[in-house]
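Within every chain, numbering begins at 1; the chains are lettered A, B, ... in the order of the sequence lines, protein sequences first and strands thereafter. Predicted model only: the values in this text are computed from it and were never measured.
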Amino acid sequence: MEIKSLVQVGEYEWEIPRSGQMRVPARIFASRELLEEMDEKVREQLSNVATLPGIVGAALAMPDAHWGYGFPIGGVAAFDPAEGGIISVGGVGYDISCGVRTLLTGLKKEQIEPVLETLIEALFVTIPAGVGSEGKIKLSPTQLDEVLVGGARWAVEKGYGLPEDLDYIEENGSLPGADPACVSMEAKKRQYRQIGTLGSGNHYLEVQYVAQIYDHQVARAFGLAEDDVIISIHCGSRALGHQIATDYLRVLSGASRKYGIPIREKELVCAPIDSPEGQRYYKAMACGVNCALANRQVISHLVREVFAEVVPEANIRVLYDVSHNTCKIEEHEVAGRRRRLYVHRKGSTRAFGPGRPELPQAYRKVGQPVIIGGTMGTCSYILVGTTEGTTKAFGSACHGAGRAMSRHAAKKRWRGSDVIQHLARQGIVVRAKSMRGVAEEAPLAYKDVSKVVEATHLAGLAKKVAMVKPLGVIKG
DNA sequence: ATGTTC
């Protein structure tokens, strides 16, 4: 991105001044290096977002921002319904509530190493992965509706997990406001057999160990110590979320015209929050969120079953479950006034600092765990939300590395089997459904997650707590 | 991301 047209407002904070139809400025949180590499499209898309009715403060981009449909991936925007604020499909993304859940195991690295191959193999055969993958759970239409309202709470009630798991999931496992009547039959049909499945693309389940602690006090509050074995599950709402997005892209396209909101990009369509179309999208999107929360809960249950078999001394607890493709109703103080806002985070993790009532008691004094997944074979990070980030960015941080190379280019550059061999030489066990998928997800096709996390940390959006490294991974 | 371009 051309830096000279930006105004530097902090060492890691840059502003696109208001111009043309922009109602507010746009702000990008990044190091100079990441900003230079950043897609020029991010500037254009952020400026478009800044023109939307009812936007509050500024249109924001995280250090891992890159081009997306309508909104950039790594984008954050909050809208006030009382001021004609809108809700947008492009502000959430296709994979509604895609996110990461991290589980603690109570095990040390040395305990797992002798059984690592067996463990990864058992996880691979137990947890369905890959395009169109289906699980053992088959839901009736009534049961699916219960999932879409209940989320992880539904899963726990059905025996897939423990009641205390719910305390460590954003929204306590269930986003209010979901209405299955707003979800098409087409979307529901695609989900009957997809509960508790991993999916494909950049989704994965990784067995990791804590390689480095940066903040010992917060790490203690999170229950993390060096060499601890943890599990991270990265997946979303599968075909259902995708279908909801597809359906409502059409609905909101009509709504944009109906309410006279200029369409600057096909996927930037939106509707006023208080319109029937806007409310229907919110209620459907909440179903997508609950689907993803139920998914990660059922997968956690399968992980527990595998560990009970392979490493029975494990005690699996949920560290936290974060979503990075959502629109949520949150209270924020803006210019001294508390306001109820619809906060869109697309490729951005909620990162609430200390004191927020949404956080479980165990984390309320320190802030929420902010789980940042790397890509296959690279390290990942656990950060903690800050008061500064809650003020500056509605409590938001980056979500991961972000692609540096297209899927197509990656496939031409690498062979899946070579990527797996390369990782094996580093002692990382990989089991995958698709070699083509592995090539697309080659570590070098992604930006350096460490640089993204460093910029997030230095910008004050969230603070580094721990770095984790992979031992084994299963992929679609 | 996605029954990977209905």
Within less than 4.0 Å of OP1 or OP2 of B:dT2, is there a side-chain N or O belonging to A:Thr246?
no
Give A:Glu267 one of three labels, base, sugar-phosphate or nothing, depending on what nucleic acid heavy atoms sit under 4.0 Å from its own.
nothing
Base, sugar-phosphate, or nothing: which does A:Gln194 touch, judged by heavy atoms less than 4.0 Å apart?
sugar-phosphate
Roughly how many Å is it from CD in A:Glu186 to P in B:dG3, rounded to a whole number?
11 Å
Side chains of A:Asp247 and A:Ser184: is there a donor and an acceptor less than 3.5 Å apart?
yes
Can you tell me the distance, in whole Å, between the NZ atom of A:Lys433 and the C1' atom of B:dT4?
17 Å
Would you please name every residue forming a ring-ring contact (aromatic ring centres under 6.0 Å, His included) with A:Phe307, sequence neighbours left out?
none
Does A:Gly236 reach a base, just sugar-phosphate, or nothing at all? Heavy atoms under 4.0 Å.
nothing
Is a side-chain N or O of A:Ser88 found less than 3.5 angstrom from the main chain of A:Gly90, in a donor-acceptor match?
yes
Under the rule for ring-ring contact (aromatic ring centres under 6.0 Å, His included), what residues qualify as partners of A:Phe394, not counting sequence neighbours?
A:His332
Rounded distance in Å - CG (A:Asp95) to P (B:dT4):
15 Å
Value in whole Å for how far the P atom of B:dT4 lies from NE2 of A:His203:
16 Å
Members of residues 281-299 of chain A that approach DNA chain B, where some heavy atom sits under 4.0 Å away:
none
How many whole angstroms separate atom CD of A:Glu441 from atom C1' of B:dT2?
14 Å
Here the distance between atom C1' of B:dT4 and atom CZ of A:Arg238, to the nearest Å, is 12 Å
Under 4.0 Å from OP1 or OP2 of B:dG3: is there any side-chain N or O of A:Arg193 that close?
no
Taking only side-chain N and O atoms of A:Arg436, does any of them lie within less than 4.0 angstrom of OP1 or OP2 on B:dT4?
no
Can you check the A:Tyr94 OH to B:dT4 C1' distance for me, whole Å?
13 Å
Mind checking ring-ring contact (aromatic ring centres under 6.0 Å, His included) for A:Phe79 and listing every partner two or more places apart, or none if nothing turns up?
A:His344
Nucleotide B:dG3, atom P - distance to CG of A:Leu198 in whole Å
13 Å
Not counting sequence neighbours, list each pair that qualifies as a ring-ring contact (aromatic ring centres under 6.0 Å, His included) and has a residue in residues 172-203 of chain A.
A:His203-A:His234
Residues which pass side chain to side chain contact (heavy atoms under 4.5 Å, CB included) with A:Ala445, listed by chain and number, not counting sequence neighbours:
A:Arg403, A:Met405, A:Ala410, A:Trp414
